[in-house]
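Beneath this line is the structure, given in structure tokens, with notes to follow.
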Amino acid sequence: MINPSAIIGEYVSIGENVVIEENVKIGDHVTIGHHVIIKKDTNIGNYAQIGELTVLGKSASSNKKMNRKPEKDLEPLIIGDHVIVGCNSVIYRGVKLETGIFIGDLASIREKVTVGEDSIIGRNAMVETNTKIGKRVTIQTGSYITADMVIEDEVFIGPCCSTSNDKYMGEGNFKHQGPIIRRGAKIGNNATLLPAVTIGENAIVGAGSVITKDVPANNTIVGNPGRIIK
Amino acid sequence: MINPSAIIGEYVSIGENVVIEENVKIGDHVTIGHHVIIKKDTNIGNYAQIGELTVLGKSASSNKKMNRKPEKDLEPLIIGDHVIVGCNSVIYRGVKLETGIFIGDLASIREKVTVGEDSIIGRNAMVETNTKIGKRVTIQTGSYITADMVIEDEVFIGPCCSTSNDKYMGEGNFKHQGPIIRRGAKIGNNATLLPAVTIGENAIVGAGSVITKDVPANNTIVGNPGRIIK
Amino acid sequence: MINPSAIIGEYVSIGENVVIEENVKIGDHVTIGHHVIIKKDTNIGNYAQIGELTVLGKSASSNKKMNRKPEKDLEPLIIGDHVIVGCNSVIYRGVKLETGIFIGDLASIREKVTVGEDSIIGRNAMVETNTKIGKRVTIQTGSYITADMVIEDEVFIGPCCSTSNDKYMGEGNFKHQGPIIRRGAKIGNNATLLPAVTIGENAIVGAGSVITKDVPANNTIVGNPGRIIK
């Protein structure tokens, strides 16, 4: 079902059973897989490819136990030119994806997230709200990017990394702040980053490490708790 | 395709291409997203919201290597009033979700699981069979809740936590028993809990810790292996 | 929509809104769930069961930041007799699944992967490209199997394990090589395996361990970094 208000460019391929809601705009040379759902107001650039069974432009919701209520009046989802989105993924309204980004299958990105050009968000990676991801960043399969986090350009995050943003785990007055990962830093697979730690420029975090304190630029840190080795 | 045996309340919104199998019952003021599949006998309460591309009421299956064969004659899936379920999720027959629960996108809950009122099961969280989850519990994104586990009221489980229930990993005679997490305990992100450990009331497990023994109430434990620090 | 070129056996059950592209071959007594998408050339054996909302035979793609470009001329996806695939899963073209395999919901397997008979790939498990998985292997829920990895027969991998294949995380000349897990080895939940480590026959890796070096056959290793305890 394609809402008649949709504006669809030239040379667009649309699969079977695709749902396009009102005020969607789709550029030229776009491919939309079977059973894709494009929620209202979503804007898709030229040459984008959207995988099967994916939801674009979902609105956030919450129950009464959640402190952070979804904002109203979020911007539409904006997907840049040449972006590739995998199958069975869920991308929220209020996300902005720059040119050339790759998003894997079974991934999800919450509202108020921006991702810079040519970055990679791996399969099954989860990105929470209010996080800024730079250009040419790699986030590998299954990594978890918490809310209120900053990831600068050219950062590499291996598979299955985990981050958090709430020192008191749901209690107390800690202002939520995720890790800050400076330009060019590399995080090994299954590393754990605690709230508000800063990983300096070009620093390296070993696989399986647990990072409880800031890591200075150009240092390498490994272990639980993490200790600097050079 | 809506089976004619379905009983559907008033003010129900049903998306495109929804499949509703036989003997489904849906309350009033319910919203069902596009491409949702509701398997036979499922019972959905008033004001529930079901996200796109989700499967409700799946029956379990197994191959010949699996020791635990699916039970026959499971109860239908029961979804309480005001429950919110995300997109691309899979909830099995034999699950009971109380009022006000929130279940994120890309999550899955196996058969014979009960979840108490107002609890949160985060995006991409996986819950195995035969586990009891209390009221006002938070299970954050990507956490893994093994089978045969007990999670009491007001427990907080951070993102990407992992649990297990089989000491001998597929061999030997260990009775499968997951961790037991007592009321109000908090588990930091990417923590690992071994089979049958008990985390006491209001205990705190640090991020990235590996918990091999019971943790007394009100204690804090960190490290690999976990050591009590206060 | 079923492409007229499809060859479909006897006693096949096909759900609602299933898309079957050109040159697909389906054996006898197969069950295909609602909203399944079967991409071109896929070959499904007798008595297979495919869960709802699953994609079979996806072609790989990449963006310009990725070093590994998808190969052309991959073989079709081949699914053996009695294979069970869960819901909301994504299996690529170029995969070969032998008889009796079980694949859970929300799982994904990339191209150029073979899986031996009766093995289990758990819910939400992710398998990267160019990896060989033996017979009667168990890979539990949420585990991450990197590219260029070898898993021999009867290996057991607990939930949420993580592996990697690139020592220099995107830089340098390290030839990508994932872990090699020898016959009968067992890996505890949330363990981390570094690139190119070998886990010997019947070795045991403790839950939450970080394995940085080879583990000899029949040894047990725990901790971060892993130390042999017997």
Side-chain angles (χ1 to χ4, degrees), chain B residues 1 16-19 21 35-39 52-55 58 61-66 87-92 106-108 110 124-128 142-147 160-171 190-195 208-212 223-226, chain C residues 15-17 33-35 49 51-53 82-84 86-89 99-106 117-120 122-125 135-138 140-143 154-162 184-191 204-210 222-226:
Chain B
M1 189 277 297
E16 303 281 324
N17 302 320
V18 168
V19 177
E21 294 186 353
H35 301 187
V36 165
I37 295 164
I38 307 179
K39 309 288 288 184
E52 276 84 6
L53 296 158
T54 276
V55 180
K58 175 174 174 166
S61 55
S62 67
N63 78 347
K64 74 178 166 188
K65 189 164 190 306
M66 291 173 166
C87 300
N88 292 82
S89 290
V90 184
I91 304 179
Y92 280 67
L106 297 155
S108 180
R110 286 283 303 269
N124 206 33
M126 298 283 128
V127 181
E128 297 289 3
S143 272
Y144 174 70
I145 305 303
T146 190
C160 313
C161 291
S162 171
T163 56
S164 59
N165 71 345
D166 180 7
K167 198 170 170 182
Y168 298 111
M169 301 197 243
E171 280 183 15
N190 214 13
T192 303
L193 307 185
L194 271 75
S209 300
V210 178
I211 306 305
T212 58
N224 180 0
Chain C
E16 303 281 323
N17 302 319
H34 307 301
H35 300 188
Q49 300 173 36
E52 278 83 7
L53 296 157
H82 296 279
V83 168
I84 298 174
C87 300
N88 292 82
S89 290
T99 300
I101 290 167
F102 183 98
I103 295 176
D105 312 307
L106 296 155
E117 62 187 44
D118 297 328
S119 288
I120 298 166
R123 278 191 300 165
N124 206 33
K135 301 173 184 176
R136 297 176 298 283
V137 166
T138 298
Q140 290 203 328
T141 302
S143 272
E154 284 157 24
V155 162
F156 178 98
I157 297 180
C160 314
C161 292
S162 171
K186 296 181 187 297
I187 316 293
N189 65 303
N190 213 14
I204 296 175
V205 172
S209 301
V210 178
V222 302
N224 179 0

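All values below come from the heavy atoms of this structure, side chains included, with hydrogens, waters and symmetry mates left out.
Considering only residues two or more places apart in sequence or on other chains, C/Lys186 meets the salt bridge (charged side-chain N to carboxylate O under 4.0 Å, His left out) condition with B/Glu171.
C/Pro159 and B/Ser162 get closest at one heavy-atom pair: O-OG, 3.9 Å. Nearest heavy atoms, C/Cys160 versus B/Tyr144: SG-CB, 3.4 Å. Pairing each heavy atom of C/Cys87 with each of B/Val90, the nearest pair is CB-CG2, 3.9 Å. Looking at every heavy atom in both residues, C/Gly208 comes nearest to B/Asn224 through O-ND2, 3.1 Å. The minimum heavy-atom distance linking C/Ile120 with B/Met66 is given by the pair CD1-CG, 3.5 Å.
Interface residue C/Asp118: backbone and side-chain heavy atoms are both found under 4.5 Å from chain B. Only the side chain of C/Asn17 comes within less than 4.5 Å of a heavy atom in chain B; its backbone stays farther off. Residue B/Tyr92 touches chain C through its side chain alone, counting heavy-atom pairs closer than 4.5 Å. With a threshold of 4.5 angstrom between heavy atoms, B/Ala125 does not approach chain C through any atom at all. At a 4.5 Å heavy-atom cutoff, C/Ile157 makes no contact with chain B through either its backbone or its side chain. Contact of B/Thr163 with chain C is made through the backbone alone, with heavy-atom distances under 4.5 Å. Both the backbone and the side chain of B/Leu106 have a heavy atom closer than 4.5 Å to some heavy atom of chain C.
Atoms CG and CE, on C/Asp105 and B/Met126 in that order, are 8.0 Å from each other to the nearest 0.5 Å. Between the CE atom in B/Met169 and the CD1 atom in C/Ile187 there is a gap of 7.5 Å [rounded to 0.5 Å]. Between atom CG of residue B/Asn63 and atom CZ of residue C/Arg136 there is a gap of 11.5 Å, rounded to the nearest 0.5 Å.
Proximity of C/Leu53 to B/Asn88: side-chain heavy atoms (C-beta onward) are nowhere separated by under 4.5 Å. Looking at heavy atoms from C-beta onward, B/Lys39 lies in side-chain contact with C/Glu52 at the 4.5 angstrom threshold.
For chain C, the option among B/Thr146, B/Asn190, B/Ile211 with the highest count of heavy-atom pairs below 4.5 Å is B/Asn190. Among C/Val83, C/Ile84, C/Asn124, the residue with the largest count of heavy-atom pairs under 4.5 Å with chain B is C/Asn124.
By the neighbour-count criterion of 12 heavy atoms within 6.0 Å, atom NZ of B/Lys167 is sparsely surrounded, having that number or fewer from other residues, nucleotides or ligands.
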Given the rule in the salt bridge (charged side-chain N to carboxylate O under 4.0 Å, His left out) test, do C/Arg123 and B/Glu128 qualify, once you have shown the distances and angles that lead to the verdict? CA-CA 10 Å; C/Arg123 278 191 300 165; B/Glu128 297 289 3; 3.0 Å; yes
